[in-house]
Amino acid sequence: MLVDHAASGQTAQKHTLVALVENKPGVLNRVASLFRRRNFNIDSLAVGTTDDPKVSRMTIVVDASRTSAAMVERNLYKLVNVIDVQDVTHLPTVVRELALIKVRVENTQKRSEIKQLADMFESRVVDVKTDTLIIEMVGDEEKVDGILNVLNDYGILEVVRTGRVAMTRGAAHVVPDQDDVAFSSNGHSHP
Amino acid sequence: MKLTGAQIIWETLLQQGATLVFGYPGGAILPAYDALYDYRDRIRHVLVRHEENAALAADSYARATGKVGVCMATSGPGATNLVTGLANAMMDSSPIVAITGQVSSNLVGTDAFQETDVTGVTIPVTKHNYLVTDVKELAQVLAEAFYIARSGRPGPVLIDICKDVQQQTVEYEPITSVKLKGYRAIKPMHKQNIPGLVTDAATLINAAKRPIILAGQGIKHGGAHGELCELINKAGIPVATTLLGIGVLSEDHPLNLRMMGMHGEAYVNMAIANADLLIALGMRFDDRVTGNLAQYAKNAKVIHVDIDAAEVGKNVPTDVGIVGNVKSVLQALIPQVANGSHKDWVGTINAWRDDTKSRDVLAQELPDNMLLAPHVIRGIWEATKGECTIATDVGQNQMWETQYFQHTRRNQLITSGGLGTMGFALPASIGAKLGRPDDEVWAVAGDGGFQMSIPELATLVQEKLNVKIAVINNHFLGMVRQWQDLIHNKRYSQTQMWTPNFQKLADAYGIKGLRATTQSEMRQIIAEARATDGPVLCEFVVEPEMNVFPMVMPGKALDEMTRRQPAALGTGMDAIK
Ligand SMILES: Cc1ncc(C[n+]2csc(CCOP(=O)(O)OP(=O)(O)O)c2C)c(N)n1
Ligand SMILES: [Mg+2]
């Protein structure tokens with residue numbers, strides 16, 4: 001049965017959708033246009049290439065309290081360049097986000113404090129200047145939120161977050177191949 | 001075989017069986033038009049007077065024939081003029097292919113003369129679109145466009161072809177199949193167990209005491225008229241249609257309640273509001289059909305069958321949602337549905353129906369000099385015995401057509417539903433006449449909508465199309481005036497309309513112009529128009545301030561209709577208001 005996840009008791013706030021799309025010019029525009037046109041509220045959208053140069057992968061986070069994830073999924077599916085969409089929210093999934101955080105460093109003592117905090121979050125310091133540090137944090141959003149929270153006390157100067165990327169555990173995400181559609185005439189049905 | 005891009009366009013069209021194109025030339029599409037010169041004995045090109053009407057006529061042609069309609073325009077203003085027509089086809093799921101010229105590929109992005117980002121502009125109003133910058137892709141893209149336009153839920157596809165691509169030469173092989181990585185005609189979500197769902201649907205149907213079928217245009221696209229009829233004859237379930245669903249079942253079938261929604265007759269909406277099961281087939285619960293959603297069919301379970309997964313559960317939560325072709329779903333469903341008649345339920349509805357009849361304005365004697373729009377529609381219906389194709393415009397004239405014309409033929413009415421595009425009737429009648437040359441074709445338009453497409457009279461004449469035009473002249477943008485009357489305290493802001501002398505106008509175009517101001521004149525000029533060989537422009541000067549009832553006011557539940565008083569309660573103007 002076709003069920004709307006949002007309406008069926010599976011009430012996870014944030015839904016993660018993984019879309020495989022054709023790597024062609026303008027595809028991101030089509031996806032963005034769809035979200036705008038349908039008034040879909042999207043928390044984040046991360047796009048990147050895959051092992052197949054013809055295919056890109058999008059991870060889309062939908063705030064299900066405001067937008068039906070099922071409707072986002074079904075509408076994405078309608079785009080001709082979208083090869084496959086999966087709502088992985090309820091599947092065993094590895095979810096990661098990368099953040100770069102530039103923090104103010106007032107003195108050497110603060111620097112080592114910050115370095116220690118970074119270690120505790122299993123993040124890395126990737127740039128050191130006399131009065132700043134850049135920390136590279138990889139983790140799920142909660143962990144990223146966590147480090148941002150504690151670093152706030154030192155003075156955060158700049159943050160960039162990639163948004164969520166996700167991959168289901170176990171077997172690969174296989175997309176059924178499309179059969180050739182042969183045609184001969186223009187006839188399509190009625191009257 | 002070596003061909004230019006321009007020649008490939010026409011070869012592909014021929015291969016696709018598309019021998020009719022509505023279009024308008026210009027600089028960026030000039031090579032295609034030059035090549036057309038050599039195809040002019042195999043491809044008919046209809047030169048419209050505005051590109052919007054090329055798209056609307058192609059849309060109507062598609063509805064009249066079931067084939068893909070084709071329109072063509074130049075870059076920039078030509079292409080942007082198509083947008084309304086594309087949006088119309090998108091809303092009403094009409095299969096059309098629009099071909100536009102684009103500036104040469106080396107100029108794209110430079111704000112060259114007549115350059116508009118047409119693929120960007122039309123993303124929201126097309127099922128898909130393409131920009132072709134390489135002639136080697138052209139044949140493939142054209143083939144894909146036709147396939148996408150007509151398969152699954154049909155819709156418009158635009159191909160923007162750079163001028164140099166039209167001029168370049170390439171080795172051409174006819175494309176005989178397409179393979180699209182992402183596109184599936186039907187894209188069901190999750191793995192649906194269709195046989196299981198059909199059984200679930202049959203269980204609900206067999207248990208229902210007050211079921212009603214809501215039939216939409218999907219029945220037409222799926223060619224499921226026969227299956228629909230079989231289902232209702234077997235199970236005795238009444239049917240209400242959407243505006244675009246008119247013509248999926250003859251309106252003289254006793255179980256066809258006719259059109260539902262904002263201006264559906266009261267008994268139809270009451271039947272829906274009181275139903276315990278809605279069986280929605282190929283329709284999408286548009287807001288004009290449901291009224292206030294929170295109060296919509298509160299006690300009904302819902303079965304929804306549609307080819308588009310994104311429509312199932314969009315507006316109305318479903319108990320059984322099936323994504324698929326309505327014809328094959330019905331074929332699987334019918335054997336599992338029990339024989340029945342739902343006598344009590346149909347009896348209840350028929351009692352409501354009698355009450356509706358008692359409020360019919362045409363049920364009362366009105367003086368001959370009081371000509372109402374419903375008289376005109378009924379007059380056309382009586383004169384043609386219902387044997388014609390009607391293309392309507394938008395507004396009161398459109399709603400009266402649905403109420404006072406009894407549609408007994410399949411897919412007889414061609415009208416702009418989802419977009420409500422004023423100016424549709426005349427270009428639509430052109431598309432319809434070319435698609436159904438042996439049919440009598442009437443365009444029914446208001447004075448406002450007709451004035452939006454007057455220039456297409458020239459197209460009618462140039463193409464020698466025998467179309468009869470009925471302009472219902474109430475000297476108002478009637479439907480807007482009605483809202484101002486009922487909702488805005490009669491403040492008639494910018495809805496009164498001066499109209500030209502339509503007989504002189506007809507004269508200027510060299511066609512017959514007729515005018516009626518009374519009921520008897522109305523009958524006379526309809527007869528004269530029908531007896532005339534060639535287009536006729538008939539103007540019917542009707543009561544200016546009549547409203548279309550019933551009406552579900554914005555925000556109201558479907559069965560909270562504002563209705564006309566029973567005939568006994570008033571006479572003359574009081575009765576029609
Ligand atoms: C292109 C366009 N512009 C505006 C509207 C809004 N609109 C809907 S009905 C209507 C009035 C139509 O007037 P007329 O063509 O005279 O028909 P009537 O309602 O009087 O029968 C208007 C302005 C529309 N539907 N389409
Ligand atoms: Mg009018």
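Order of the sequence lines sets the chain letters (A, B, ...), proteins ahead of strands, with each chain counted from 1.
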Exercise. Please flag which part of B:Lys127 lies under 4.5 Å from any non-hydrogen atom of chain A: side chain, backbone, both or neither.
Key: backbone

Quiz prompt | Part of B:Asn129 lying under 4.5 Å from any heavy atom of chain A | solution = both

Quiz item: Between A:Gln86, A:Arg30, A:Lys54, A:Arg37, which residue shows the highest count of heavy-atom pairs closer than 4.5 Å to chain B?
Solution: A:Arg30

Exercise. Among the options A:Glu22, A:Lys78, A:Lys24, pick out the one with the most heavy-atom pairs lying under 4.5 Å from chain B.
Key: A:Lys78

Quiz item: Does a side-chain heavy-atom distance below 4.5 Å link B:His128 with A:Asn81?
Solution: yes

Within a reach of under 6.0 Å around [atom1] of [X], are more than 12 heavy atoms found that belong to other residues, nucleotides or ligands?
| X | atom1 | answer |
| --- | --- | --- |
| A:Glu122 | CD | no |
| A:Arg104 | CZ | no |
| B:Lys301 | NZ | no |

Practice problem: Please round to the nearest 0.5 Å and tell me the distance separating atom CZ of A:Arg74 and atom CD of B:Glu311. | Solution: 10.5 Å

Quiz item: Is a side-chain donor or acceptor of B:Arg184 paired with a backbone partner of A:Ile83 at a separation under 3.5 angstrom?
Solution: no

Exercise. Could you pull out the closest heavy-atom pair between B:Pro124 and A:Arg36, with the gap in Å?
Key: CG-NH2, 4.4 Å

Quiz prompt | Which portion of A:Val21 sits near chain B, non-hydrogen atoms under 4.5 angstrom | solution = neither

Quiz prompt | Heavy-atom proximity to chain B below 4.5 Å, by part of A:Leu79 | solution = backbone

